[in-house]
Amino acid sequence: MEVRGKKVIPYKRINHKGSTMVETLVSFVVLFIVLAALYNIVVFSSELYLRSVDTSRLQQKPDI
């Protein structure tokens, strides 16, 4: 295969199956953001539950 007297090297297929360092770092950052959001949801719901238990106990406490 020649083009104007020059040899043309056939196109080698480059393997693009790996992930870059930037993609890996971005995925870890997104993962940490999601985990932090889930942690905050769990903390908030447990505080809300404990507050409701305290309120319930105060309402059931007999007046002396």
*Of Val43, Ile41, Val42, Leu35, the residue whose pairing with Tyr39 passes side-chain contact (heavy atoms from CB on, under 4.5 Å)*: Val43
*Output the distance between atom CG (Asp54) and atom OH (Tyr49), rounded to the nearest 0.5 Å.*
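If we round to the nearest 0.5 Å, Asp54:CG and Tyr49:OH are 10.5 Å apart.
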*Within the side chain of Ser56, is there an N or O that forms a donor-acceptor pair under 3.5 Å with the backbone of Ser52?*
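Not confirmed, Ser56 side chain does not pair with Ser52 backbone.
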